Amino acid sequence: MARVVVRVEEETLDPEALRSLIDTEGCGSVVSFVGLTRGVDDGVEVEKLEFDAWEEMLPSILQGLGIEAVEKFSVSSVVMAHRTGVVLPEEPIVCIHVGSPHRAEGFEACSWLISELKSQAPLWKKEVRADGEVWKAGLG
């Protein structure tokens, strides 16, 4: 039976600790994606990102995406986590780990998951920069 674990973290996100939650039984690969806050965007210093979320809906949407990835790509396990609140440069924002029998479906599922998360998750991002504040377009 496939395993899907979802976390919404307000303070910190630890990709290695999350990696330990993957069920690797029968797996030949674990594919991981960790998104970080950039220190510079479009040549302007980024001081921090501020994430706002629809807290009641975010976990269930991430859970649904994880289940869909398991079914669509025949992967064994998905662990996904996203930060809310303030995230400083070089800190992790989002983490996805996919355990799968073979690497091809693991890479495909991981790529699909980050794309779907960015388009479906009820998250909004404000970039606080040296030249002011900018709400980034779209979700995620």
Side-chain angles (χ1 to χ4, degrees):
M1 173 139 180
R3 178 178 184 179
V4 175
V5 177
V6 167
R7 300 277 192 269
V8 176
E9 304 286 353
E10 292 180 27
E11 300 296 323
T12 61
L13 194 152
D14 182 347
E16 290 306 311
L18 292 163
R19 161 65 184 84
S20 72
L21 301 176
I22 279 282
D23 179 3
T24 57
E25 184 178 339
C27 288
S29 76
V30 173
V31 175
S32 300
F33 172 79
V34 179
L36 308 174
T37 299
R38 285 184 289 276
V40 174
D41 191 36
D42 293 329
V44 179
E45 179 189 351
V46 175
E47 296 171 9
K48 62 185 174 181
L49 296 178
E50 295 178 4
F51 286 91
D52 227 352
W54 186 2
E55 307 259 348
E56 296 80 15
M57 288 300 296
L58 182 56
S60 63
I61 289 173
L62 295 181
Q63 185 77 22
L65 290 174
I67 291 167
E68 190 174 346
V70 164
E71 294 168 354
K72 184 176 182 119
F73 301 100
S74 299
V75 297
S76 306
S77 184
V78 171
V79 174
M80 277 194 299
H82 204 291
R83 281 288 311 277
T84 56
V86 174
V87 187
L88 300 175
E90 299 180 23
E91 288 183 346
I93 301 165
V94 60
C95 177
I96 300 171
H97 297 296
V98 177
S100 62
H102 305 281
R103 70 182 179 276
E105 56 265 295
F107 276 108
E108 198 174 3
C110 195
S111 179
W112 180 86
L113 279 164
I114 190 60
S115 294
E116 291 300 309
L117 183 152
K118 286 181 140 301
S119 70
Q120 293 187 39
L123 289 157
W124 298 270
K125 175 172 60 178
K126 179 168 63 172
E127 211 172 59
V128 179
R129 305 158 34 128
D131 63 353
E133 298 178 352
V134 178
W135 282 97
K136 300 303 259 188
L139 299 175

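Small disclaimer: the values here were computed from a predicted structure and weren't measured. The first residue in the sequence is number 1, and the count goes up from there.
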Is there a side-chain contact between [X] and [Y] (heavy atoms, below 4.5 Å)?
X      : Y     : result
Arg7   : Leu21 : yes
Glu127 : Asp41 : yes
Val78  : Val5  : no
Arg19  : Thr24 : yes
Leu123 : Leu58 : yes

Is it the case that one hydrophobic cluster holds both [X] and [Y], taking links as side-chain heavy atoms less than 4.5 Å apart, direct or via other members?
X     : Y      : value
Val44 : Val40  : no
Val79 : Val4   : no
Val98 : Ile22  : no
Leu36 : Val128 : no

Problem set entry | Member of Leu18, Val94, Ile93, Val34 meeting the side chain to side chain contact (heavy atoms under 4.5 Å, CB included) criterion with Leu13 |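 So the option named by the test is Leu18.
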Closest heavy-atom pair and its distance - [X], [Y]:
X      : Y      : value
Glu47  : Pro89  : O-CD, 3.2 Å
Met80  : Leu62  : CE-O, 2.9 Å
Ile96  : Cys110 : CG2-SG, 3.9 Å
Glu10  : Arg83  : O-NH2, 3.2 Å
Ala53  : Thr84  : CB-CG2, 3.8 Å
Gly106 : Val31  : C-CG2, 3.7 Å

Rounded distance [0.5 Å steps], [atom1] in [X] versus [atom2] in [Y]:
X      : Y     : atom1 : atom2 : value
Arg129 : Asp42 : CZ    : CG    : 6.0 Å
Glu105 : Ser76 : CD    : OG    : 8.0 Å
Glu68  : Leu65 : CD    : CG    : 6.5 Å

Problem set entry | Verdict with supporting geometry, Ser32 and Val30, side-chain contact (heavy atoms from CB on, under 4.5 Å) | CA-CA 6 Å; Ser32 300; Val30 173; 4.0 Å; yes
Exercise. Given the rule in the side-chain contact (heavy atoms from CB on, under 4.5 Å) test, do Leu117 and His82 qualify, once you have shown the distances and angles that lead to the verdict?
Worked result: CA-CA 10 Å; Leu117 183 152; His82 204 291; 3.8 Å; yes
Exercise. After noting the C-alpha distance and the side-chain angles of Lys72 and Trp112, does the key distance pass the side-chain contact (heavy atoms from CB on, under 4.5 Å) rule?
Worked result: CA-CA 10 Å; Lys72 184 176 182 119; Trp112 180 86; 3.9 Å; yes
For this session: Kindly state whether the ring of Phe33 and the ring of His97 have centres lying under 6.0 angstrom apart.
Result: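 Judged by ring-centre distance (under 6.0 Å), Phe33 and His97 do not meet the cut-off.
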Exercise. So, for Phe51 and Trp124, is the gap between ring centers shorter than 6.0 Å?
Worked result: no
Exercise. Just by distance, with hydrogens left out, do Ser100 and Ser29 show a side-chain donor and acceptor under 3.5 Å apart?
Worked result: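 Side-chain D/A pair, Ser100 to Ser29: present.
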For this session: Assess whether salt bridge (charged side-chain N to carboxylate O under 4.0 Å, His left out) is satisfied between Glu50 and Lys48, documenting all intermediate values.
Result: CA-CA 7 Å; Glu50 295 178 4; Lys48 62 185 174 181; 3.3 Å; yes
Exercise. Do side-chain atoms of Ser111 reach the backbone of Phe107 as a donor and acceptor pair under 3.5 angstrom?
Worked result: no
Problem set entry | Evaluation steps, side-chain contact (heavy atoms from CB on, under 4.5 Å), between Leu88 and Val86 | CA-CA 7 Å; Leu88 300 175; Val86 174; 4.1 Å; yes
